[in-house]
Participant: 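Pasting in a structure now, in structure tokens, and then I'll have a few things to ask.
Letters A, B, ... are given to chains in the order of the sequence lines, protein chains preceding strands, and every chain is numbered from 1. Atom set for the values below is all heavy atoms of this structure, side chains included, hydrogens, waters and symmetry mates excluded.
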Amino acid sequence: MKTPLQLIQTGSAAGTKQPALAIDRLSKVFHMEDGYLNVLQDICLTISEGELVCISGPSGCGKTTLLKLIAGFMKPGGGTIRIKGRTVTRPGPDRCVVFQEDALFPWLTVAENIAFGVRQFMGRRQLNNEVDRYLEMVGLGSFGKYLPREISGGMKQRVALARVLILQPQVLLMDEPFGALDAQTREEMQNLLLSLWEKLSHTIIFITHDLSEAVTLADRIIIMTRNPGRIQADITVPLPRPRKKESDAFHRFYRELRSRL
Amino acid sequence: MNKPDIRFPVLPWIIPGILLAAWFAASRTGLVPDYLLPDPIRIAESGVTYIFSPPDSAPYAGRFLTDASASLLRVFLGFSLAVLLGIPLGVISGRIAFCHKLMSTTINSLRAVPGISWLPLALVWFGIGMRTTIFLVAMAAFFPIYINTAAGARSVNPLFYQAGAMMGVGRIRGIFAILLPAAMPQIISGLRLGLGISWAYLVLGELTGVSNGLGAIIMDARMIGRIDMIIVGIIVIAVMGRISDVLLNTSLRLCFKSAKRMT
Ligand SMILES: Nc1ncnc2c1ncn2[C@@H]1O[C@H](COP(=O)(O)OP(=O)(O)OP(=O)(O)O)[C@@H](O)[C@H]1O
Ligand SMILES: [Mg+2]
């Protein structure tokens, strides 16, 4: 039983709670030899903790650029990005990226890739245990000794997921991570991601150009437009979980979304 | 993992075999006179004398150990010097565009100078002997090592650095944890090219009148008309060059995971 005082305290704590991610009037310009490109203009976006947000939009609208700005790989032209109230200035293990392309280190085994970010903080025994735990978590229990080039694309993305989960990031940034996979593998990976998300309750920003993937995964879908890159729509997905791709409600919402874009 | 291809084990020895047979035929039939190309058996005998006979029992007898160790030391010192300069400079110029721009014109101009034209200068600076040879070897081996390291460092996938940065790896640690392993295949080819050239320039350095060394033997034998010993010298250099290449390759693969897994 909670006393009224405790209720007030937790209530006020929730009231001052910082959003997991707050982006305010963010802009980015790329300067090139023959002029410049307004990739992102006036992006405002607030994401609360534990939310799974999908970002979609045409190719070249600046989705990857937005993600890299959040990750701290480059500096914004204007505006701010805050994680739990702290302004992003450089990359850090609190915001981890699963890249669009394969970015595993080819000279390290699967297990060594996963250990890469934490190996200097742990003893050998603890490290092995942790790595095994995350291997298990992404369903790669017996593949620790393989090299990246010896495993399939889907398995590579599982490794990419494990090597960032082990860092226990506040925000997980995923850039079309399943875009290159076949339909069946992609669905497996979506289910894996959802089950991990339910277990670990990360905040996730997930870029996809596949609207049905967005409807399957997201609490909220952000649609961007091109030239300049702006947010066109911010739509809450009203479907209950677990979502069935075959259900009528899913189809109705998907069609409605399509027609609005 | 790349497994060595174990099929056709005799394949590499077919061409040497044919060459040897042709050589036999040429000298036995008198097609080529003995003073231009002696019989393989005589070469073999001279080689055995050179390597195994007790010293002073015949000209060149038993000198192999002194010559080979002198040459090996020169190659080792010259090559090490080239590695110590070439890899760090290559990494710096490959990672920092500013340094690349700063150095590339100078280095490419120097590279265009044929190594042999450094010889007179080296003789003036260092005199005849050890230091001239080491200078020439280092000079020659530096360029392939530097250029391959720089090219390898420049072509590292930028995603690797970004992935490293998010996993808490900064610029300095990134050199050892990301740049060097990622560029390892190119660094290895640079090292192997450099080592090969080291042997070439060793002979050049030793031709100038040092008293021992494999190049010295060749020059000495030419002076007194012992063509068999010239050929023995050539074969010894070829064999030692090949062995040192294998040793370099094997030790890199033993020491660096990236060398084993990416080549
Ligand atoms: N480093 C850069 N320098 C200059 N222009 C860039 C750079 N990175 C991206 N761009 C340009 O910015 C625009 C947005 O690129 P971005 O990669 O963010 O698009 P995207 O929405 O992720 O596209 P896709 O769906 O194809 O992945 C593109 O026109 C691209 O050519
Ligand atoms: Mg993209």
Participant: Flag the pair A:Val164 / B:Met166 as yes when at least one side-chain heavy-atom distance between them is below 4.5 Å, and no otherwise.
Facilitator: yes
Participant: Counting heavy-atom pairs closer than 4.5 Å to chain A, which one of B:Ala259, B:Ala182, B:Gly168 comes out on top?
Facilitator: B:Ala182
Participant: What part of A:Arg95 lies closer than 4.5 angstrom to a heavy atom of chain B: side chain, backbone, both or neither?
Facilitator: backbone
Participant: Relative to chain B, which segment of A:Ala103 carries a heavy atom at a distance below 4.5 Å: side chain, backbone, both, or neither?
Facilitator: both
Participant: Check B:Arg261 with A:Glu112, please: is the shortest side-chain N to carboxylate O separation under 4.0 Å?
Facilitator: yes
Participant: Could you check whether atom OH of A:Tyr146 has more than 12 heavy atoms from other residues, nucleotides or ligands sitting under 6.0 Å from it?
Facilitator: no
Participant: Does a side-chain heavy-atom distance below 4.5 Å link B:Ile178 with A:Trp107?
Facilitator: yes
Participant: How about CD1 on B:Ile234, more than 12 heavy atoms from neighbouring residues, nucleotides or ligands closer than 6.0 Å, or not?
Facilitator: yes
Participant: Do other residues, nucleotides or ligands put more than 12 heavy atoms under 6.0 Å from B:Arg173 CZ?
Facilitator: yes
Participant: Tell me whether the count of non-hydrogen atoms from other residues, nucleotides or ligands lying under 6.0 Å of CG in B:Leu19 goes above 12.
Facilitator: yes
Participant: So which residue, A:Ala160, A:Pro106, A:Cys96, ends up with the most heavy-atom pairs under 4.5 Å with chain B?
Facilitator: A:Pro106
Participant: Between atom CG of B:Leu159 and atom NZ of A:Lys68, what is the distance when rounded to the nearest 0.5 Å?
Facilitator: 5.5 Å
Participant: Around atom CZ of B:Phe76, are there more than 12 heavy atoms from other residues, nucleotides or ligands closer than 6.0 Å?
Facilitator: no
Participant: Any ring pair (Phe, Tyr, Trp, His ring centres under 6.0 Å) pairs touching residues 90-119 of chain B, not counting sequence neighbours?
Facilitator: none
Participant: State, to 0.1 Å, how close A:Phe105 and B:Gly164 come at their nearest heavy-atom pair, and which atoms those are.
Facilitator: CZ-N, 4.3 Å
Participant: Name the option with the most non-hydrogen atom pairs under 4.5 Å to chain B; the candidates are A:Val97, A:Val118, A:Leu104, A:Leu167.
Facilitator: A:Val97
Participant: Are there over 12 heavy-atom neighbours, none belonging to B:Ile14, within less than 6.0 Å of that residue's CD1?
Facilitator: yes
